[in-house]
Amino acid sequence: MILSMLLLHCLTTRTSRAYYNHLLSIRHSSSLSNTCCYSRYPSIIQSCIARKAIEPGKQLHARLLLSGLGIDAVLGTKLVNLYSVCNHLADAYNLFDRIPQRNVFLWNILIRGFAWEGPHEVAISLYYRMVEAGLQPDNFTFPFVLKACSALSALEVGREIHDHVVHSRWDSDVFVGAGLIDMYAKCGCVDDAREVFDRITKRDVVLWNSMMAAYSQNGHPSDTLSLCHDMATEGFAPTVATLVTIISAAADVAALPRGREIHSYSWRRGFEAQDKVKTALVDMYAKSGWLKVASTLFEQLKERRLVSWNAMISGYAMHGHANEALALFDRMKTEAQVMPDHITFVGVLSACSHGGLMEQGWKFFNSMQNDYSIRPMPQHYTCMIDLLGHSGRLDEAYKLIKEMTTAPDSGVWGCLLNACKIHRNVELGEIALGKLIELEPHNAGNYVILSNIYAQAGKWQGTARVRKLMTDRGLKKSIACSWVEVKNKVHAFLVGDLSHPRSEEVYSELERLEGLMKEAGYEPETMPVFHDVEDDEKRNMVRSHSERLAIAFGLISTPPGTRLLVTKNLRVCEDCHVAIKFISKIVGREIVIRDVNRYHHFKNGLCSCRDYW
DNA sequence: CTAGGGTTAG
């Protein structure tokens, strides 16, 4: 009946012929054709919401407007909900403004829409509008608006909302709590996150997961793992999110035995079959230097989504397998037709920079912007600066930084500083350090690099000045530490470490190797270089650098020919880099070192970094 | 007389 009224209405107004036909076609094709009773509309829209089917809902809305029947609060609310879940936020907002009686539910769904899809600022301003309208936010409002704060890293707003949470007594709710933990985590405040976590006594898995993720996202992967242990002790069963989080934590601490344990657990409990878990494993094995395993798992994925491609591409890239990375990028576009994103390009560009593929690098850097409309971020620039720096084109690198459309971060300047060290450019090095001091005043590593630049140039006053700057600021260099995994156990060594039970054998192995190295032409570094850690040490101390101890231990405790993987918390020093090249040739082994910013594959006297790091 | 929710890999 209504439909025929509508048709009549169309004929009597100046509605176009096309629209008339359109309505006719709805009559014949749509599932709504037989339901012209107003009282059934809410349930129809409800089913649209469940199916996220925007079109029938829109048509129904249009029909209602034309019919002049008006839209009551129930129907209006449902339509706002439909628009909101289908990401038609402008429509949702318009309709929202026309509904006179707005309850908390209506506000919540609109806030949710903007919190999920952005602009996130709108979600926050809606929240404040709601409070000003005299409504009390509830246990649904808070998680939504906190999500918007997380996305914006809006700490001040977040804290204020936390106040509201406490005042309205929702602070023991797990949903609100998880929202708060995530907000604090994304703002870099792990301690506040932990406080929220500790205050909630009736926890659930998601709350545990949120806290583990908070640690993981803020560079405390070992806290993630120990919290997981606590969770198990309290009898909670892990979920997919738990596994994904702890696998990435294990990848970050390079605790491969731990990672393998988690892998086998995942397999026993049937989690490994899940693509999300498998992708986390791909990342973990890649970071631990097991690219073969990573690739096998990658090929097993049921559906390769963007994140999986990214994990595998950057896995190849970080180990310097540029061709494999680029071939995979090609496969991703042609075979899978997955759209690359900014992270894909970080992988692709770092593959180019590690492989020294200057031309390709520029090609991808331009294509990223022109063909994919991705605005370059600091990480992309870092790759390009690395490429330019590699070939000594420092002025061009500096020019590129000045042309950047976003603010250069510490990675960009650090990359330039490093290039200055390698090509002994004091002038630009000073500029880079100046910027780095502004950006991260407490990172001792930066000062050390500049000091080395001065030392290499024989500018001793410069070296002294940098050292004084460091003492004035109370900066201490972190203690160097290297790990090596032997028979599923991690062995850690500090500089000059004598605490390992097999120390004596380790040192005599080093002595034996040094003899062979000297025969092969190795000369220990004599220049008084201010090393990352061991600045004042005598030449014979170089021998006891942590990475050498770890390598020597690895050599004496594994069968000949076994590949070694050593992880170091700082950069590999110049002298050790030379020494390890000799060692790899003498013992005929592949030695992989994962230092703070890259992987070095030493094989047959050469290193994959081509002596640039 | 209802509807709506927090965590997860690169």
Side-chain angles (χ1 to χ4, degrees), chain A residues 42-43 45-47 49-50 73-82 84-85 103-113 115-116 138-147 150 165 170 173-183 185-186 193 196-197 200 203-217 224 231 238-252 271 274-287 294 297-298 301 304-318 332 340-348 350 379:
Chain A
S43 70
I45 298 176
Q46 196 60 45
S47 83
I49 294 168
V74 171
L75 205 50
T77 303
K78 286 193 185 294
L79 276 169
V80 172
N81 194 1
L82 176 64
S84 167
V85 297
N103 60 11
V104 178
F105 177 81
L106 183 55
W107 284 95
N108 285 352
I109 53 180
L110 195 64
I111 293 173
R112 181 195 61 189
W116 283 357
D138 65 9
N139 53 328
F140 285 86
T141 322
F142 290 125
F144 295 148
V145 69
L146 285 167
K147 177 107 190 156
S150 300
V165 168
W170 280 114
D173 182 274
V174 280
F175 287 86
V176 177
L180 283 167
I181 290 171
D182 183 56
M183 182 274 294
K186 299 277 155 57
V196 173
F197 178 79
I200 298 175
R203 301 173 186 147
D204 70 352
V205 207
V206 180
L207 200 76
W208 284 93
N209 289 348
S210 309
M211 194 59 228
M212 284 188 265
Y215 280 130
S216 179
Q217 287 158 3
T224 303
M231 175 176 131
T239 62
V240 169
T242 319
L243 284 157
V244 165
T245 307
I246 61 173
I247 289 169
S248 92
D252 288 340
F271 284 114
Q274 303 228 23
D275 280 355
K276 284 181 177 180
V277 173
K278 201 163 257 178
T279 300
L281 288 166
V282 166
D283 173 56
M284 184 195 77
Y285 282 106
K287 282 181 177 155
L297 291 169
F298 176 78
L301 290 168
R304 277 175 279 279
R305 306 178 58 121
L306 180 62
V307 201
S308 315
W309 289 101
N310 287 350
M312 199 62 231
I313 290 174
S314 43
Y316 280 127
M318 65 181 107
M332 167 184 177
D341 69 351
H342 63 280
I343 292 170
T344 319
F345 278 101
V346 172
V348 168
S350 69
Q379 294 113 292

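Below, chain A is the first sequence line, B the second, and so on; all start at residue 1. Here the structure is a predicted model, which is why all the values come from computation and not from measurement.
Partners of Phe345(A) under the ring pair (Phe, Tyr, Trp, His ring centres under 6.0 Å) rule, at least two apart in sequence or in another chain, are Phe329(A), Tyr372(A). For Tyr285(A), the ring pair (Phe, Tyr, Trp, His ring centres under 6.0 Å) partners two or more places apart in sequence, or in a different chain, are His263(A). Legend: residues meeting ring pair (Phe, Tyr, Trp, His ring centres under 6.0 Å) with Phe197(A), ordered by chain and number and at least two apart, are Trp208(A). For the salt bridge (Lys or Arg N to Asp or Glu O under 4.0 Å) test, residues two or more places apart in sequence or in another chain that qualify with Lys278(A) are Glu272(A). Looking at residues two or more places apart in sequence or on another chain, you find no side-chain hydrogen bond (donor to acceptor under 3.5 Å, both in side chains) involving Asp204(A).
If you check every strand for non-hydrogen atoms under 4.0 Å, Lys278(A) touches nothing. Thr279(A) comes within 4.0 angstrom of a nucleotide base, judged by non-hydrogen atoms across all strands. Note on Trp116(A): only backbone sugar-phosphate atoms sit closer than 4.0 angstrom, heavy atoms only; bases stay farther off. At a threshold of 4.0 angstrom between heavy atoms, the contacts of Gln217(A) are confined to the sugar-phosphate backbone, with no base atom among them. Thr77(A) comes within 4.0 angstrom of a base, heavy atoms only. Nucleic acid contact class of Ile49(A) (heavy atoms, under 4.0 Å, all strands): none. If you check every strand for non-hydrogen atoms under 4.0 Å, Phe144(A) touches sugar and phosphate atoms only. Across all strands, Leu180(A) comes closer than 4.0 Å to no nucleic acid atom at all (heavy-atom distances).
Side chain of Ser84(A) to main chain of Ile109(A): a donor-acceptor pair is present (N/O by atom type, distance under 3.5 Å, no hydrogens or angles).
Note that the first and last nucleotides of DNA chain B, 5' to 3', having any atom under 4.0 angstrom from a heavy atom of chain A are dT2(B) to dG10(B).
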